[in-house]
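Data block below; observations after.
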Amino acid sequence: MRYALLVQGAPYSHQASHSALRFAAALIDRGHRLETVFFYHDGVYNAQRLATPPQDEPHLVDAWCRLHHEQGTALLVCVAAALKRGVIDERESHRHGKQGHSLAECFELTGVGQLVEAAMTHDRLITFSP
């Protein structure tokens, strides 16, 4: 089966992100395909490249990037939610006159239409919220 996940919780503030990653691993172990993860609301903080958790905690941003590189999973970030939280890519940084960017390289800013498309084209859409 083809799955998509919707992550709405910030890493380290709620269990949503960690639960979504564990669910993703379980899907893959059972032979399913995780094609898309969409980050919305405070979930956009999962794409923050500057996150530096303590060494004894899981590095969730790196874990999402590993999933992307190993499985080819698209990591899509709602652009509207990201911009108002200061999570921006290099293009948006230039467009808004900012001096840096904070989006990790394995994530992509996109519109909420991509979430609708994922809901329509995947077999299942599972939501992880605080």
Side-chain angles (χ1 to χ4, degrees):
M1 290 188 66
R2 297 172 55 229
Y3 280 81
L5 304 182
L6 171 60
V7 179
Q8 298 184 70
Y12 312 110
S13 297
H14 302 283
Q15 190 64 30
S17 301
H18 195 257
S19 294
L21 274 165
R22 291 177 51 147
F23 186 81
L27 282 177
I28 293 162
D29 286 347
R30 286 168 179 74
H32 298 290
R33 177 108 174 100
L34 177 58
E35 294 186 0
T36 305
V37 180
F38 192 89
F39 299 91
Y40 197 38
H41 299 300
D42 284 346
V44 302
Y45 289 121
N46 284 279
Q48 175 65 263
R49 75 178 174 91
L50 302 174
T52 311
Q55 290 180 343
D56 63 340
E57 292 183 22
H59 197 301
L60 298 179
V61 177
D62 286 354
W64 287 118
C65 286
R66 269 193 310 281
L67 179 70
H68 168 74
H69 292 300
E70 293 172 4
Q71 301 297 321
T73 302
L75 303 177
L76 307 178
V77 179
C78 175
V79 65
L83 286 175
K84 72 175 145 178
R85 289 167 175 85
V87 179
I88 60 175
D89 63 7
E90 196 167 1
R91 185 176 59 107
E92 291 295 326
S93 174
H94 292 299
R95 190 169 86 110
H96 294 282
K98 302 296 180 184
Q99 295 216 339
H101 66 282
S102 58
L103 188 77
E105 54 85 21
C106 56
F107 293 84
E108 176 186 350
L109 290 181
T110 189
V112 75
Q114 293 297 104
L115 174 60
V116 174
E117 182 179 328
M120 293 172 46
T121 60
H122 294 64
D123 297 313
R124 299 282 186 274
L125 172 64
I126 310 297
T127 301
F128 294 86
S129 297

Restricting to pairs with a member in residues 3-95, which pass disulfide (SG to SG under 2.5 Å), not counting sequence neighbours?
Cys65-Cys106
Side chains of Phe23 and Leu34: closer than 4.5 Å at any heavy-atom pair?
no
Shortest non-hydrogen contact from Val44 toward Val77
CG1-CG1, 3.6 Å
If you compare all heavy atoms of Ile88 against all heavy atoms of Gly100, which two are closest, and at what distance to 0.1 Å?
CD1-O, 3.6 Å
Please examine the side chains of Val37 and Asn46, heavy atoms only from C-beta on, and report whether any two atoms are closer than 4.5 Å.
no
Once salt bridge (charged side-chain N to carboxylate O under 4.0 Å, His left out) is applied, do any residues pair with Arg2, and if so which ones, sequence neighbours excluded?
Glu35
Under a 4.5 Å side-chain heavy-atom rule over Ile, Leu, Val, Met, Phe, Trp and Tyr, are Phe38 and Ile28 clustered together?
no
Check for a donor-acceptor pair, side chain of Tyr12 on one end and backbone N or O of Leu60 on the other, with a separation under 3.5 Å.
yes
List for me each residue that meets salt bridge (charged side-chain N to carboxylate O under 4.0 Å, His left out) alongside Arg22, sequence neighbours excluded, and say none if there are none.
none
Qualifying salt bridge (charged side-chain N to carboxylate O under 4.0 Å, His left out) pairs with a residue from residues 65-87, counting only residues at least two apart or across chains:
Asp42-Arg85
Pairwise side chain to side chain donor-acceptor pair (under 3.5 Å) hits with a residue in residues 115-129, at least two apart:
Gln8-Ser129, Thr36-His122
Residues two or more places apart in sequence or in another chain: which of them pass side chain to side chain contact (heavy atoms under 4.5 Å, CB included) with Glu108?
Leu76
Side chain to side chain contact (heavy atoms under 4.5 Å, CB included) filter on Ala20, not counting sequence neighbours, yields Leu5, Val7, Trp64, Phe128
Report whether Tyr45 and Leu83 are members of the same hydrophobic cluster (ILVMFWY, side-chain heavy atoms less than 4.5 Å apart, transitive linking).
yes
Disulfide (SG to SG under 2.5 Å): which pairs involve residues 19-63, sequence neighbours left out?
none
Keeping to residues at least two apart or across chains, list the side chain to side chain donor-acceptor pair (under 3.5 Å) pairs with something in residues 94-104.
Glu92-Arg95, Glu92-His96
Whichever hydrophobic residues join Val116 through chains of side-chain contacts under 4.5 Å
Met120
Set of residues satisfying ring-ring contact (aromatic ring centres under 6.0 Å, His included) with respect to Phe107, sequence neighbours excluded:
Phe39
Once ring-ring contact (aromatic ring centres under 6.0 Å, His included) is applied, do any residues pair with His59, and if so which ones, sequence neighbours excluded?
none
